[in-house]
Colleague: 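Got a structure here, written out as structure tokens. Questions coming.
Everything numeric in this text was worked out from a predicted model, so none of it was measured.
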Amino acid sequence: MDSTTKPPLFQDTTPDALHVRARIEAFNADYANAIDSDRLEEWPRFFTEDGVYRVITRENRERGLPLSLIYATGRGMLSDRITALRTANIFEPHVYCHQISATKLIGRDGNGWRAESNFAVFRTLISGPMIVFVCGRYVDRLVEGDGHLLLAERNCVLDSRQVDTLLVIPV
Amino acid sequence: MDTPAFHQGGDTALGFEWPGEDVSRVPFQVYTDHAIYDAEQQRIFQGPTWNLLCVEAEIPNPGDYRTSYVGNAPVIVNRDETGQINALLNRCAHKGSLVCYKPHGNVRELTCVYHNWVYDLTGKLTGVAFKRGVGGKGGLTEDFDPSQHGLRRLRVETYKGIVFGTFSDETPPFVDYIGGELAACIDRVMIKPLKVLGYHSQILPNNWKLYSENTKDSYHASLLHVFHNTFGIVRPSMGGGIKLSPSGWHHLSWTERVALDDQSTTREKVRSLKDQYKLADPSMMAHKLELGDLVTNSIQSVFPGTVIQQIQNCLAVRQLVPRGVDRSELFWTILGFEDDDAEMIEHRLKTNNLVGPAGFISMEDGCVGGWVQHAAQSDPASRTVMPMGGRTIEPSQGSRVTESAVRGFWKAWRECMHV
């Protein structure tokens, strides 16, 4: 997974670093906008060709247990999630509203960046009921893609071990 | 040990009678009635049943504990200095506070933080704070007998690394409870020491029984969960069937590939029947044959709320915990074997995309129970109909299009509930 080294207490605030952080925040806004607007077919394109996506509970992660709720390695597995959602899986229709905040640029990582951001996702069923579905932290590694950042790895670390009903739309 | 309520006979307090003798018709009331829900805690979960507590691998060392549930009763499972596994009601004998409020840990004794009452790992009360008072004033009365105020103990049995508990003295030994044929089915899967790969849980918006029924309902599998069909994942020569314990209470539903001359193939052929949808990356569908047979799916229930699962290389135990008349929590413990290498673990983690709250072939079970619950709450006087495969409770070889095991569930329910 990611490095276990402690992140710096204060992140780099030089203009270059702030620029990177602003780009990551813009990236997260694009990511949230695509999912929350039901443009899910675009979701794999936020990842590198072999990008890794995990939805893992904080409990498993902190105990060193490898199990994820969703584990995809590469755009193929990511797009299979969306194809299944569209064609096979059955669930009460619902939408997400992502709130992403507190982005912290942890530092350089090889040819990319490590960053963490908090998220909360409100889930609204078409019949009306709305809940805070999940909250937690994105633990990311991003690399330069074709003029924009891409996720080499996104770990969605859920604060709760409980999932209400089912998880089908990506976090 | 408390005497279960049904020993007094009858159910006048419950005000409920099963309509007729037939278990192929189930009144919706059983999913919505609070008095029935309360009685189930005593008569089923604290009655003559074995309930999943944990797997042994979670508490390998003396002093290790984890918390669990039997029905809605919180339970501590630990391993003491002698290596024995103890299961204790997680409720201080003094004021009823939780004794262990963290999900797991390692301790020498169990201390309730509220008033510092201390128990040893077998549940015996060994210390009471200020038992002699302060300055000769206060303290316990002379007739207080600590031996009468331990933590309530459950009987424990471990089978193939899986730990079960029961509150009742009447529950037969575990193997007798599920029967030899179904015990052999656990032997088939749990062939080596287990390792926990992780946990998660799923809140189900329905009465616990709707999920118990669902696990025994092999009829719905290919109809609700259409993942395999949609992606044209061809499963040639699939055989299978349903096994039932002699009591009818417990079941196993299995699917197997009939052996072909494909030299114990390690991968299901994946192609599109419709030339429309196919998996871009079918690697998670690979099945590494590790159990010495061609069984791809084996779903085994132990009444009332335990499931032991093998889906390809995805091994798990599931524990169903009622959280109110219209809500339950399903705890998944995903397993591998202790000697799995890194490649096998990686494979199991990928296969796990099939199951759990986000599982390609299981997520629907999270919502469908809620849809039945809606109906039950709006019309508790009505009933369900389960005619598939007759009205009896019999095993089925070759076909899983039967509700026999679900009828077995209702037989168990009625026998425990005395209705």
Colleague: A side-chain contact here means heavy atoms from C-beta on lying under 4.5 Å apart; do A:Asp164 and A:Arg123 qualify?
Modeller: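 Contact flag for A:Asp164/A:Arg123 side chains = yes.
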Colleague: State whether the number of non-hydrogen atoms from other residues, nucleotides or ligands found under 6.0 Å of B:Tyr219 atom OH is greater than 12.
Modeller: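 Atom OH in B:Tyr219 is not crowded, with 12 or fewer foreign heavy atoms closer than 6.0 Å.
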Colleague: Quick one: what part of A:Thr165 sits under 4.5 Å from any heavy atom of chain B, side chain, backbone, both or neither?
Modeller: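 Both the backbone and the side chain of A:Thr165 come within 4.5 Å of chain B.
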Colleague: Whether B:Arg323 engages the ring of B:Tyr69 as a cation-pi pair (distance to the six-membered ring centre under 6.0 angstrom, angle to the ring normal within 45°) should be assessed.
Modeller: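 Yes, a cation-pi geometry holds between B:Arg323 and B:Tyr69.
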Colleague: What are the residues of residues 371-378 of chain B, in order of number, with any heavy atom under 4.5 angstrom from a heavy atom of chain A?
Modeller: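 Residues of residues 371-378 of chain B touching chain A at under 4.5 Å: B:Trp371.
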Colleague: With a 4.5 angstrom heavy-atom cut-off, is it the side chain or the backbone of A:Asp80 that approaches chain B, or both, or neither?
Modeller: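 Contact with chain B involves both backbone and side-chain atoms of A:Asp80.
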Colleague: Where does A:Glu59 contact chain B at under 4.5 Å (heavy atoms): side chain, backbone, both or neither?
Modeller: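 It is the side chain, since no backbone atom gets that close.
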Colleague: Where does B:His225 contact chain A at under 4.5 Å (heavy atoms): side chain, backbone, both or neither?
Modeller: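 For B:His225, no heavy atom lies under 4.5 Å from chain A.
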Colleague: Quick one: does NZ or CZ of A:Arg141 land under 6.0 Å from the six-membered ring centre of A:Trp113, within 45 degrees of the ring axis?
Modeller: no
Colleague: Donor-acceptor check, side chain of B:Asn229 to backbone of B:Val226, threshold 3.5 angstrom: yes or no?
Modeller: no
Colleague: By number, which residues in residues 328-339 of chain B have some heavy atom less than 4.5 Å away from chain A?
Modeller: B:Glu329, B:Phe331, B:Ile334
Colleague: For A:Thr57 and A:Arg161, indicate whether the former's side chain and the latter's backbone hold a donor-acceptor pair under 3.5 Å.
Modeller: no
Colleague: Distance-only, no hydrogens or angles: does the B:Asn206 side chain make a donor-acceptor pair with backbone N or O of B:Asp326 under 3.5 Å?
Modeller: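 The answer is no, because no donor-acceptor pair under 3.5 Å joins these two groups.
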Colleague: Quick check for you: among B:Leu349, B:Leu204, B:Asp365, which has the greatest number of heavy-atom pairs under 4.5 Å with chain A?
Modeller: B:Leu349
Colleague: Honestly, is A:Arg81 close enough over B:Phe360, meaning NZ or CZ under 6.0 Å from the six-membered ring centre and within 45° of the axis?
Modeller: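 Yes, a cation-pi geometry.
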Colleague: Could you tell me which portion of A:Ser79 (side chain, backbone, both or neither) has an atom closer than 4.5 angstrom to a non-hydrogen atom of chain B?
Modeller: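 A:Ser79 touches chain B through side-chain heavy atoms alone.
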Colleague: Counting heavy-atom pairs under 4.5 Å with chain B, which one of A:Ala84, A:Gly74, A:Ser160, A:Ala88 comes out on top?
Modeller: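 Looking at each of A:Ala84, A:Gly74, A:Ser160, A:Ala88 in turn, A:Ala88 comes out on top.
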Colleague: Keeping the roles fixed (side chain from B:Asp217, backbone from B:His220), state whether a donor-acceptor pair exists under 3.5 Å.
Modeller: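 Side chain of B:Asp217 to backbone of B:His220, a donor-acceptor pair under 3.5 Å: yes, one is there.
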Colleague: Check each atom of A:Thr73 against the heavy atoms of chain B and say whether the ones under 4.5 Å are side chain, backbone, both or neither.
Modeller: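 Both backbone and side chain.
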Colleague: Highest number of heavy-atom pairs under 4.5 Å with chain A: which of B:Pro103, B:Cys367, B:Gly370?
Modeller: B:Cys367
Colleague: Test your reading of the model: is there a side-chain donor-acceptor pair from B:Gln319 to the backbone of B:Leu52, 3.5 Å cut-off?
Modeller: yes
Colleague: Are any side-chain N or O atoms of B:Thr215 and backbone N or O atoms of B:Ser212, one a donor and one an acceptor, separated by less than 3.5 Å?
Modeller: yes
Colleague: Does CZ belonging to B:Arg327 count more than 12 external heavy atoms closer than 6.0 Å?
Modeller: no
Colleague: Using atom types as modelled and distance alone, determine if a side-chain donor or acceptor of B:Asn207 lies under 3.5 Å from a backbone N or O of B:Val325.
Modeller: yes
Colleague: Does any heavy atom of chain B fall under 4.5 Å from the side chain of A:Arg63, the backbone, both, or neither of them?
Modeller: side chain
Colleague: Tell me whether the rings of A:Tyr96 and A:His98 are parallel (<30°), tilted (30 to 60°) or perpendicular (>60°).
Modeller: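 Geometry flag for A:His98 against A:Tyr96: perpendicular rings.
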